[in-house]
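Since the structure is predicted, the reported quantities are computational estimates derived from the model, not experimental observations.
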Amino acid sequence: MIPHRHRLGVISALGVIQILTWGSSFYLLSVLAAPMSKDTGWPLGWVIGGLSLGLLVAGLVSPRVGAFIGEHGGRPVLAFAAVILSVGLTVLAMAPNLPVYLAGWLLVGLGMGTGLYDPAFATLGRLYGAEARPAITTLTLWGGFASTVSWPLSAFLIEQVGWRRTCLAYAGLHLGVTLPLVLLVIPRPPAHPVTRSAGPNPVIRLAGRERRAFLLLAGVLTLGGTVMALVSVHLITLLQARGVALTSAVAYGALIGPSQVGARIVEMAGKGRHHPLWTLTAAMVLVALGVTILAAGLPVVGLALILYGAGNGIYSIARGTVPLALFGPERYAPLVGRLARPGLVAQALAPSLGAVVLTQAGADTTYALLAVLALANVALALSLWRIR
């Protein structure tokens with residue numbers, strides 16, 4: 001086991017890595033999409049579609065990534081993520097046409113699948129075993145600042161050097177900051193913890209109650225990813241459809257980030273005294289309350305988004321800690337990789353499907369869909385208690 005005195009350095013390094021990785025991939029188009037479309041003439045839908053393509057790739061590779069980390073640790077995977085993200089961002093920066101741009105997102109998606117939360121959680125689980133929960137919780141606190149750091153940085157860089165050189169700047173940060181942090185700070189894992197009688201892929205050994213728990217948790221992550229993606233992409237449009245002015249809608253949306261961080265601080269203050277299923281259940285209840293208040297049209301939009309943000313914040317913690325508590329550290333890394341796939345695929349598909357619902361059926365139906373999905377997720381989370 002890695003000595004406790006080294007953990008702060010490892011978690012801090014992973015925190016910086018997460019900020020740069022999220023900022024240069026998942027959050028990249030929040031600021032760059034419009035300038036890209038305006039500069040190139042590419043349709044905005046196709047520009048944003050690059051992220052969906054990347055998330056699909058991330059979902060496809062995540063099971064193999066988790067299995068690899070279970071065998072060899074996260075250090076080589078995270079190093080690969082830094083390099084492939086740098087290459088992918090360089091392709092985006094140099095793309096002369098839309099097909100090359102989309103090809104760049106295939107590479108960025110591979111970097112997301114090997115460098116975002118789930119590989120980082122698996123890395124911590126492989127390093128610290130059953131004691132990884134506090135490290136995972138602390139890491140999500142770092143990750144909560146990704147958009148806070150990356151959005152202003154991206155806006156500044158675009159204004160100064162344009163979107164292409166902004167992509168190149170992020171590529172350089174991965175080679176100059178992320179990669180050295182991985183190689184110099186992230187340690188090699190301890191001796192392999194997996195019992196050899198379980199075979200090379202312990203995930204497929206799940207049966208009975210464990211298998212039911214795995215499927216329920218996969219369902220929670222799928223619905224959770226769907227709701228998060230729908231809100232992230234369509235929130236401003238949905239608020240405007242209820243008569244909220246654009247400036248007010250943006251101000252309301254800005255409440256989500258601080259709420260996420262605040263809820264994670266509260267979770268950290270608990271120091272792991274409660275079972276992680278409490279965190280998951282609380283997250284789903286808070287998200288459901290937030291979107292149900294929005295769907296009902298109650299005049300408390302700010303409160304609704306604070307509740308949603310708080311739930312979404314501790315949901316990120318639960319994603320990493322619940323599998324550790326339910327299935328143990330020996331199978332944690334491959335299980336996290338397998339569980340990541342449905343959530344990532346849902347995040348990739350949900351914005352486009354939400355746009356169809358919003359266009360064809362209207363905002364009220366979209367609000368109702370969000371509420372139904374969120375309430376269904378509460379039911380799934382409660383079901384996990386019966387078979388934990």
Trace of the side-chain contact (heavy atoms from CB on, under 4.5 Å) decision for Asp118 with Arg341: CA-CA 10 Å; Asp118 297 297; Arg341 174 180 284 178; over 6 Å; no
Minimum heavy-atom distance His234-Gly354, with the two atoms named: NE2-C, 3.8 Å
Single-linkage hydrophobic cluster Leu157~Val149, side-chain heavy atoms < 4.5 angstrom: yes
In one Ile/Leu/Val/Met/Phe/Trp/Tyr side-chain cluster, 4.5 Å: Leu106, Val108: yes
Closest contact, heavy atoms only, Asn97 versus Trp42: C-CZ2, 3.3 Å
Audit row: Leu55, Phe26, side-chain contact (heavy atoms from CB on, under 4.5 Å) steps and yes/no: CA-CA 8 Å; Leu55 288 168; Phe26 189 85; 4.2 Å; yes
Exercise: do Arg212 and Ser383 side chains pair donor with acceptor under 3.5 Å: no
Gln347 CD to Leu56 CG distance, which is reported to the nearest 0.5 Å: 11.0 Å
hydrophobic_cluster_shared for Leu44 and Val100, side chain cutoff 4.5 Å: no
CD/Glu159: more than 12 non-hydrogen atoms of other groups inside 6.0 Å: no
Expected output: side-chain Glu210 to main-chain Leu326 donor-acceptor under 3.5 Å: no
Min side-chain heavy-atom separation Ile186-Val10 under 4.5 Å: yes
Minimum-distance pair of heavy atoms, taken over all atoms of Gly9 and Val185: O-CG1, 3.5 Å
Euclidean distance, Tyr332 OH relative to Arg126 CZ, rounded to 0.5 Å: 13.5 Å
Steps toward side chain to side chain donor-acceptor pair (under 3.5 Å) verdict (Arg75, Thr123): CA-CA 8 Å; Arg75 192 167 181 260; Thr123 298; over 6 Å; no
Side-chain donor or acceptor of Thr292 paired with backbone N/O of Leu289 under 3.5 Å: no
Cluster check Ile48, Trp46: I/L/V/M/F/W/Y, side chain < 4.5 angstrom: no
Min side-chain heavy-atom separation Glu71-Pro189 under 4.5 Å: no
Donor-acceptor pair between Glu267 and Thr279 side chains, under 3.5 angstrom: yes
Exercise: identify the closest heavy-atom pair between Ala304 and Ile293: CB-CG2, 3.7 Å
Inter-residue atom distance Leu358.CG - Asp364.CG, 0.5 Å rounding: 10.5 Å
Donor on one side chain, acceptor on other, Ser154 and Tyr170, under 3.5 Å: yes
Contact check, side chains of Ile17 and Trp22, non-hydrogen atoms, under 4.5 Å: no
Residue pair Tyr308 / Leu286, side-chain heavy-atom distance below 4.5 Å: no
4.5 Å side-chain heavy-atom contact, Leu110 and Phe80: yes
Trace of the side-chain contact (heavy atoms from CB on, under 4.5 Å) decision for Leu339 with Phe214: CA-CA 8 Å; Leu339 286 165; Phe214 178 85; 3.6 Å; yes
Centroid separation Trp278 to Trp385 less than 6.0 Å: yes
Over 12 foreign heavy atoms within 6.0 Å of CZ, Arg165: no
Within-4.5 Å side-chain heavy-atom neighbours: Thr366 and Leu230: no
Check: Ala82 main-chain N/O paired with Ser86 side-chain donor or acceptor under 3.5 Å: no
Charged tip of Arg319 within 45° of Tyr117 ring normal and under 6.0 Å: no
Separation between OH of Tyr252 and CG of Leu239, rounded to the nearest 0.5 Å: 8.5 Å
Donor-acceptor under 3.5 Å (Ser259 side chain, Ala310 main chain): no
pair Ser316-Arg264: side-chain heavy atoms closer than 4.5 Å: yes
4.5 Å side-chain heavy-atom contact, Asn312 and Met228: yes
Check: Leu238 main-chain N/O paired with Tyr367 side-chain donor or acceptor under 3.5 Å: yes
Non-hydrogen atoms of Thr114 and Ala81 that approach each other most closely: OG1-CB, 3.3 Å
From CA spacing to verdict: side-chain contact (heavy atoms from CB on, under 4.5 Å), Leu353, Thr226: CA-CA 10 Å; Leu353 296 176; Thr226 301; over 6 Å; no
same_hphob_cluster(Phe156, Leu28) at 4.5 Å side-chain heavy-atom cutoff: yes
Thr321 OG1 to Leu124 CG distance, which is reported to the nearest 0.5 Å: 12.0 Å
Any donor-acceptor N/O pair, Thr359 side chain to Val356 backbone, under 3.5 Å: no
Expected output: side-chain Ser37 to main-chain Ala33 donor-acceptor under 3.5 Å: no
Arg338 side-chain N/O to Ser62 backbone N/O, donor-acceptor pair under 3.5 Å: no
Backbone of Val244 reached by a side-chain donor or acceptor of Ser248 within 3.5 Å: no
Heavy-atom pair of closest approach, residues Val291 and Leu370: CG2-O, 3.9 Å
Spatial distance of atom OG (Ser150) from atom CG (Leu32) [nearest 0.5 Å]: 10.0 Å
Any donor-acceptor N/O pair, Arg242 side chain to Leu294 backbone, under 3.5 Å: yes
